[in-house]
Amino acid sequence: MISVHVAVVLKQLADMMELKGENPFKVNAYRRAARAVENSRTPLDSLKGPEELPGIGKGTAAVIREIMTTGRSEQLEKIKSQLPSGLPELLTIPGLGPKSIHVLYRELGITGVDELQQAVEAGRVRHLSGFGEKKERNLAEGIRQRNKRPQRILLVQALPLAERLQERIEKIPHVKRVEPAGSLRRRKETVKDLDFVVATEQPRQVAEAITAIPEVTKVVNHGETKVSILIEMELVIPVDIRLVRPQQFVSALHHFTGSKEHNVRIRQRAKELGWKVSEYGIHEPATDRDFTFQDEQEMFVKLGLPYMEPEIREDRGEMDVPAERLPRLLQRNEYRGDLHLHTRWSDGIATVEEMAVAAKKRGYSYIAITDHSQFLKVAGGLTADDLKRQREEIDRVNEKIAGITVLAGVEMDILPDGRLDYPDDVLQELDVVIASIHSGFQQEKARLTRRIIGAMENPYVHIIAHPTGRLINRREPYALDLDEVFQTAKETGTILELNANPFRLDLNEQYLKRGKEEFGLTFSINTDAHSPETLSHIGMGLAIARRGWLEADDVINTYSLEQLQERLAQKWGG
DNA sequence: GCCGTTTTCGGCCCGACTGTTTTCAGTCG
């Protein structure tokens, strides 16, 4: 985890140097170094030296070594002592960048958001060079927006909104094609806004029509080829729409799908080949020719690259590994069964049979019923005796319904003191034992880590559910030494879950990638569904798994029932 | 600060939009 800390410090250093007005290329060099450290398949302490990573030379390597030995950077401390501590937070105000912050600080002595707000209200900002009345008003609005702190929108909420809006735009005359792009297309766990690319020969007319959509509550920007609006459907969400000619559509779609970092690498690549990539196509200056494409595959081929799915376009190695090392990402139809489901026996709303029928409809070959254990009284946790009676019901369902196998399992609490909620002789009787934490979130890192590791060391515990306990926008992950957890998972053959609940998505994509690449771990993707409807959340889980570079072999839910049982049994072998 | 089958110096991804300027800087994605 040392790499994570080093990357954080390097990014801080870059931010502070930017505010100080350092050479932007120097600032960028530190940002690139931070990314290189973050995305390296090999952790820093396993390298001969930081210089092995691309973009890291003598200077940055020395800073990294310092952070690795002392935990801090003297250079950063020094800049921090020169610049007021409130400046970096000014960067979070939309429309305000390092240059303007520098002027505000130099001319008005502004060192924080509150002071800026006062200066704006007093009308002192408009007189600065490069500022004016309009800019001052925009700043006031920017501060308001920042203070509202718009939460990022969950992917599961954004997807249906995007679909509805897409249908709206498709109906506008002269629209030839419209597709969502941006982080939504890359399937990030949350999105800030929706991006669309529209193909049309009549951009002005179409732009007009878009601003006239009834749900549009505000037109933020309205240029020749770009419209920014606020849409109010179930919630208010910013939407950016780019209008291009039909032959430019594919390049524009690629460009606005991003990520920004991926695009930078793509353009560098093109430049090496003597071309220029923009949202309009590939330009060859030598011959003054322009290339456009029928689909994205064609564009990647032109650049001599293998096709990269939107989910991995993050500059997290996809541009650096050889084509054969790019993952064959997990597909929806490879997923054969959900291993973490609740029923009325605890806090679910459906019966075992109803869950089995719904799962069969989705084409699954098996499921596991894993209700809560006795400790979780608020959720109606089951006693050992309840489990026996539930097993009888599961047996009956298995006899009644053909074509799907229902496994008997449990989601057992790891108690606050680290003990497990059932003795081994109870666990031994079950097909699938999931262990998880629902209490003592505030405990210290060592203690929480020990609780999870203790559970993994039990020979009957197959899976650790939602390992970090985070809830997106609601609760931070609890303190955990994940390196230790990953190491123990590897040694004991314990499987870690990617919980597909849209608020959890836990493990997150970066942990999945690291767990796979550094530790060779196997994962299980489960919905934790409490109703037949929420079985559909598996889509979110699959999306995050793909963003974590997972392939079918990395996920036990793609195994046949036989393979699955064999893999679960490996736990006994240690 | 980093980097080099054109380079050890002079570059470093590209374009739209806004608001401030009268030809462009700053910000954003």
Side-chain angles (χ1 to χ4, degrees), chain A residues 10 13-14 17-18 21-36 50-51 53-64 75 90-104 125-139 141-142 181-186 188 191-197 203 207 219-228 238-244 248 251-252 254-283 285-286 303 313 315 319:
Chain A
L10 288 177
L13 197 50
M17 292 198 317
E18 188 169 38
E22 279 275 11
N23 174 356
F25 296 109
K26 188 171 164 180
V27 172
N28 195 243
Y30 278 100
R31 295 234 162 91
R32 264 181 26 233
R35 292 192 63 76
E51 296 93 337
L53 298 177
I56 296 183
K58 255 165 104 183
T60 317
V63 175
I64 292 175
Q75 200 183 344
L90 289 172
L91 282 170
T92 64
I93 296 171
L96 193 56
K99 293 279 165 59
S100 308
I101 292 174
H102 206 64
V103 172
L104 289 166
V125 170
R126 67 184 71 168
H127 306 299
L128 299 174
S129 85
F131 290 77
E133 277 188 47
K134 196 131 189 199
K135 213 160 183 175
E136 193 177 66
R137 271 204 302 279
N138 289 345
L139 271 182
E141 175 61 24
S183 49
L184 183 94
R185 182 161 180 248
R186 302 200 312 279
K188 274 191 77 166
V191 302
K192 182 166 63 62
D193 57 13
L194 304 180
D195 295 289
F196 286 91
V197 180
V219 179
V220 182
N221 270 329
H222 187 178
E224 287 277 304
T225 61
K226 179 181 163 175
V227 185
S228 301
V239 182
D240 276 334
I241 296 153
R242 300 293 301 237
L243 307 143
V244 297
Q248 299 166 332
S251 279
H254 175 270
H255 176 86
F256 293 110
T257 296
S259 66
K260 190 180 158 209
E261 292 77 9
H262 170 85
N263 286 353
V264 168
R265 295 295 306 273
I266 288 281
R267 289 190 209 115
Q268 284 168 344
R269 165 87 189 171
K271 203 165 177 177
E272 286 163 21
L273 299 168
W275 298 325
K276 221 171 65 165
V277 170
S278 78
E279 53 262 58
Y280 304 118
I282 294 183
H283 179 71
L303 291 166
R313 298 181 197 164
D315 191 24
M319 292 291 292

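In what follows, every chain begins at residue 1, and chains take the letters A, B, ... in the order their sequences are listed. Predicted model, so just to flag it, every value in this text is computed and none were measured.
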Syn or anti conformation of dT7(B), syn meaning chi within 90° of 0:
syn
Side chain proximity check, I93(A) to I101(A), heavy atoms < 4.5 angstrom:
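Side-chain contact under 4.5 Å: no.
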Is there side-chain contact between I64(A) and L10(A), with at least one heavy-atom pair below 4.5 Å?
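The answer is yes, as the side chains (C-beta and beyond) meet within the 4.5 Å cut-off.
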Please figure out whether K260(A) or G130(A) has its closest DNA chain B nucleotide nearer the 5' end.
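In this pair, the answer is G130(A).
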Which residue lies more 5' along DNA chain B, comparing K135(A) with P54(A) via nearest heavy atoms:
P54(A)
Just compare [options] and give me whichever is closest to any side-chain atom of [X].
{"X": "K99(A)", "options": "dT27(B), dT18(B), dG15(B)", "value": "dT27(B)"}
{"X": "T225(A)", "options": "dT27(B), dG1(B), dC17(B)", "value": "dC17(B)"}
{"X": "K192(A)", "options": "dC2(B), dA16(B), dG29(B)", "value": "dG29(B)"}
{"X": "S100(A)", "options": "dC17(B), dG26(B), dG1(B)", "value": "dG26(B)"}
{"X": "R32(A)", "options": "dC2(B), dG15(B), dC17(B)", "value": "dC2(B)"}
{"X": "K134(A)", "options": "dC14(B), dC2(B), dG19(B)", "value": "dG19(B)"}

Which part of the nucleic acid does [X] contact within heavy-atom distance under 4.0 Å: base, sugar-phosphate only, or nothing?
{"X": "P24(A)", "value": "nothing"}
{"X": "I266(A)", "value": "nothing"}
{"X": "R242(A)", "value": "sugar-phosphate"}
{"X": "E133(A)", "value": "sugar-phosphate"}
{"X": "V277(A)", "value": "sugar-phosphate"}
{"X": "F256(A)", "value": "nothing"}

Under a 3.5 Å cut-off for both distances, is dT8(B) Watson-Crick or wobble paired, and to whom?
none
With a 4.0 Å cutoff (strictly under), does any side-chain N or O of [X] reach OP1 or OP2 of [N]?
{"X": "K226(A)", "N": "dA16(B)", "value": "no"}
{"X": "T60(A)", "N": "dC2(B)", "value": "yes"}
{"X": "K26(A)", "N": "dC12(B)", "value": "no"}
{"X": "K271(A)", "N": "dC12(B)", "value": "yes"}
{"X": "N138(A)", "N": "dT18(B)", "value": "no"}
{"X": "N221(A)", "N": "dT18(B)", "value": "yes"}

Here the pair of heavy atoms bringing P54(A) nearest to A36(A) is O-CB, 3.6 Å
Side chain of E22(A), backbone of V27(A): donor and acceptor closer than 3.5 Å?
no
Spacing of [X] atom [atom1] relative to [N] atom [atom2], expressed in whole Å:
{"X": "E141(A)", "N": "dT18(B)", "atom1": "CD", "atom2": "C1'", "result": "15 Å"}
{"X": "K276(A)", "N": "dG15(B)", "atom1": "NZ", "atom2": "P", "result": "4 Å"}
{"X": "R269(A)", "N": "dC14(B)", "atom1": "CZ", "atom2": "C1'", "result": "18 Å"}
{"X": "N23(A)", "N": "dG11(B)", "atom1": "CG", "atom2": "P", "result": "13 Å"}
{"X": "L91(A)", "N": "dC28(B)", "atom1": "CG", "atom2": "C1'", "result": "13 Å"}
{"X": "H222(A)", "N": "dA16(B)", "atom1": "NE2", "atom2": "P", "result": "15 Å"}
{"X": "E272(A)", "N": "dG4(B)", "atom1": "CD", "atom2": "C1'", "result": "11 Å"}
{"X": "E22(A)", "N": "dG1(B)", "atom1": "CD", "atom2": "C1'", "result": "10 Å"}

Given the rule in the side-chain contact (heavy atoms from CB on, under 4.5 Å) test, do Q75(A) and V63(A) qualify, once you have shown the distances and angles that lead to the verdict?
CA-CA 8 Å; Q75(A) 200 183 344; V63(A) 175; 3.8 Å; yes
Derivation of the side-chain contact (heavy atoms from CB on, under 4.5 Å) call for K99(A) and V103(A)
CA-CA 6 Å; K99(A) 293 279 165 59; V103(A) 172; 5.9 Å; no
If we take the [atom1] atom in both [N] and [M], what is their distance in whole Å?
{"N": "dC14(B)", "M": "dC9(B)", "atom1": "C1'", "answer": "24 Å"}
{"N": "dT20(B)", "M": "dT27(B)", "atom1": "P", "answer": "13 Å"}
{"N": "dT8(B)", "M": "dC12(B)", "atom1": "C1'", "answer": "15 Å"}
{"N": "dC28(B)", "M": "dT23(B)", "atom1": "P", "answer": "25 Å"}
{"N": "dG10(B)", "M": "dA16(B)", "atom1": "C1'", "answer": "28 Å"}
{"N": "dG1(B)", "M": "dT5(B)", "atom1": "P", "answer": "23 Å"}

In terms of side-chain geometry, is the basic nitrogen of E18(A) or R31(A) positioned less than 4.0 Å from the acidic oxygen of its partner?
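Salt bridge between E18(A) and R31(A), a charged N being under 4.0 Å from a carboxylate O: yes.
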Could you walk me through whether R242(A) and D195(A) pass the side-chain contact (heavy atoms from CB on, under 4.5 Å) test, one step at a time?
CA-CA 8 Å; R242(A) 300 293 301 237; D195(A) 295 289; over 6 Å; no
